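Because the structure is predicted, anything quoted here is derived from the model rather than measured. The first residue of the sequence shown is numbered 1, and numbering continues consecutively from there.
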Amino acid sequence: IQQFSDVSAMVAPIPLGTVGRIAQEAGCTRDQVLYVIRSRGVQPIAAAAHMHVYSEVQVAFILAELAAIRADREGGGE
């Protein structure tokens with residue numbers, strides 16, 4: 001059995017998103033992110049206390065929805 005002294009060298013980190021991180025990346029408020037999450041029925045992959053964690057695919061979806069909303073509001077959706 002091979003032993004590893006550095007576990008982080010064995011596993012690549014998986015980028016996960018929280019509401020705060022998604023809001024920061026999108027340049028919007030946490031409330032706007034929560035609106036998209038709730039209105040689109042996005043379920044977190046993990047939750048602990050008040051923190052919900054979303055996968056990389058879910059984060060991409062949420063960011064795309066926020067961009068579409070922003071484009072609609074700025075007249076780009078016509």
Side-chain angles (χ1 to χ4, degrees):
I1 297 174
Q2 187 176 7
Q3 292 183 350
F4 293 93
S5 61
D6 185 8
V7 175
S8 65
M10 297 178 356
V11 181
I14 300 170
L16 299 173
T18 61
V19 172
R21 286 184 181 173
I22 296 168
Q24 185 177 21
E25 187 171 339
C28 66
T29 67
R30 289 176 35 87
D31 288 334
Q32 291 168 318
V33 174
L34 288 170
Y35 169 77
V36 168
I37 288 169
R38 291 176 181 145
S39 66
R40 295 350 184 237
V42 180
Q43 297 295 315
I45 60 170
H50 294 286
M51 181 177 291
H52 295 112
V53 180
Y54 300 90
S55 72
E56 186 176 6
V57 172
Q58 290 173 309
V59 170
F61 172 76
I62 294 165
L63 291 172
E65 290 295 303
L66 288 165
I69 291 169
R70 183 175 291 135
D72 262 359
R73 288 188 177 171
E74 294 175 356
E78 295 179 22

**Student:** For Gln43, is there any backbone N or O sitting under 3.5 Å from a side-chain donor or acceptor partner on Gln58?
**Tutor:** yes
**Student:** Show the atom names and distances, to 0.1 Å, of all donor-acceptor pairs under 3.5 Å that link a side chain in residues 61-68 to residues at least two apart or in another chain.
**Tutor:**
| residue | atom | partner | partner atom | Å |
| --- | --- | --- | --- | --- |
| Glu65 | OE1 | Arg40 | NE | 2.8 |
| Glu65 | OE1 | Arg40 | NH2 | 3.1 |

**Student:** Identify the residue among Thr18, Ile45, Ile37 that makes a side-chain contact (heavy atoms from CB on, under 4.5 Å) with Tyr54.
**Tutor:** Ile37
**Student:** If I compare all heavy atoms of His52 with all of Ala47, which pair ends up nearest, and what's the gap?
**Tutor:** CD2-CB, 3.3 Å
**Student:** With side-chain contact (heavy atoms from CB on, under 4.5 Å) as the test, would you mind laying out the steps for Leu34 and Val19 before giving the verdict?
**Tutor:** CA-CA 7 Å; Leu34 288 170; Val19 172; 3.8 Å; yes
**Student:** Shortest non-hydrogen contact from Val33 to Cys28?
**Tutor:** CG2-SG, 3.7 Å
